[in-house]
Student: 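Have a look at this one before I ask anything.
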Amino acid sequence: MTDNLFQTVTLNETITLQNRILMAPLTRSMADEKLVPTQAMAVYYARRAEAGLIISEAVIIRPDAQGYPNTPGLFTPAQINGWKVVTDAVHQAGGKIFAQLWHTGRVAHSHFFDQSGSTQVLAPSAVGVEGSVPRMRELTYQVPKAISHDEIIQLIADYSQAAANAIDAGFDGVEIHGANGYLIDQFLHYDSNRRTDEYGQTAENMARFPLAVVDAITARIGSDRTALRVSPGAYFNMNGDSKDRAVFDYLLAKLEERDLAFLHIGIFDDAMEFDYLGGRVSSYIRSVYSKTLVGVGSYSPETGSKAIAEDKFDLLAIGRPFIANPDYVTRVREGKELVEYSAEMLASLL
Ligand code: FNR
């Protein structure tokens with residue numbers, strides 16, 4: 001019934017996956033105080049190496065990218081060396097792993113910026129979000145500074161360097177985190193992008209920074225090793241606007257011209273519908289983007305397999321059930337019952 005999940009797939013004739021099940025990126029806040037991955041993280045990821053591809057938890061590209069405690073980085077030699085232990089462990093267990101590259105933009109907090117000397121939260125525009133840092137509720141979100149032209153150029157260079165660092169650290173590729181209301185997504189929605197320069201106001205302008213990051217990274221490490229996650233449906237740290245649709249229509253048409261390893265949907269529940277997208281995010285993206293698409297969001301093995309059979313997407317990413325079931329792939333293949341996920345499981349790496 002779920003046989004199609006166990007087919008091998010080759011992405012752009014370069015990277016062969018042993019099955020169609022991806023481990024979705026899952027922030028676990030388990031890096032040490034210098035944001036270096038720990039030995040426990042190597043064990044955690046290696047236990048899940050049966051996935052066709054692991055996408056790492058989001059990894060910050062530089063100090064002012066950080067918005068949550070103990071999220072790992074990829075900008076110091078110690079962090080790169082820490083990741084080498086993780087990628088070696090995954091490879092030895094027969095798996096493959098991409099690093100998810102992250103800048104939280106206006107969801108960052110200057111509390112975390114100590115190492116850089118920078119004190120200001122950067123975002124496309126000086127429009128803050130309500131709320132506070134999870135697990136550190138005393139840190140309320142700050143009104144960001146609208147990022148300058150020179151800072152944009154530097155950020156693109158820093159994304160590209162983080163991608164090169166990921167390859168040095170032994171990752172098989174990178175997924176650019178363009179989803180879930182973080183920096184790249186902030187450029188793509190009218191709620192957070194009020195710029196009047198060449199990065200705002202029109203679809204072409206609003207897609208300029210995201211595409212520049214994609215192009216800088218593909219030039220550095222190759223399009224076959226570069227993927228992107230996007231959230232056309234504003235559902236997290238973001239308010240939707242009917243005009244957002246045109247921005248994504250433009251962006252996805254431009255991405256169609258690039259041979260990315262895959263495009264990955266960012267959503268918690270793919271049953272959610274968005275008026276301005278004409279329904280589900282997966283249906284919308286499939287209608288305007290023809291290349292390899294990764295679906296996600298509250299899928300079971302059966303509903304995910306059915307969605308692939310119906311050509312709604314090509315690969316299935318699994319998040320919370322992979323926390324609860326390190327041997328998710330074996331359990332599904334053998335028809336064994338899955339352990340149900342609960343939020344308490346986030347307290348430790350299993
Ligand atoms: C997430 N998700 C997420 N997404 C992302 O792009 N980068 C990340 O670091 C995280 N971190 C994260 C942590 C935790 C604890 C959860 C529950 C989720 C979203 C995740 O990748 C996925 O899209 C959702 O969990 C929906 O898939 P499932 O869990 O329904 O299979």
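Counting starts at 1 for both ligands and their atoms, in listed order. For clarity, every value in this text was computed on a predicted model and none was experimentally measured.
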Student: Restricting to non-hydrogen atoms, name the atom on Gly73 and the atom on Gln79 that form the minimum distance, rounded to 0.1 Å.
Tutor: C-OE1, 3.2 Å
Student: Under 3.5 Å, side chain of Arg225 to main-chain N/O of Asp172, donor-acceptor pair present?
Tutor: yes
Student: Protein residues near ligand 1, heavy-atom distance below 4.0 Å?
Tutor: Ala24, Pro25, Leu26, Thr27, Ala58, Gln100, His177, Asn180, Arg229, Ile267, Phe268, Val296, Gly297, Ser298, Ile318, Gly319, Arg320, Pro321, Leu346
Student: Are the side chains of Thr8 and Leu17 in touch, meaning some heavy atoms are under 4.5 Å apart?
Tutor: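 No. Closest side-chain heavy atoms not under 4.5 Å.
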Student: Show the numbers, then the answer: is there a salt bridge (Lys or Arg N to Asp or Glu O under 4.0 Å) between Asp168 and Lys84?
Tutor: CA-CA 8 Å; Asp168 285 351; Lys84 276 185 189 154; over 6 Å; no
Student: Check the orientation of Tyr45 and Trp83. Use parallel for under 30°, tilted for 30 to 60°, and perpendicular for over 60°.
Tutor: tilted
Student: Check whether Lys312 reaches the backbone of Gly304 with its side chain - one donor and one acceptor, N or O, closer than 3.5 Å.
Tutor: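 No.
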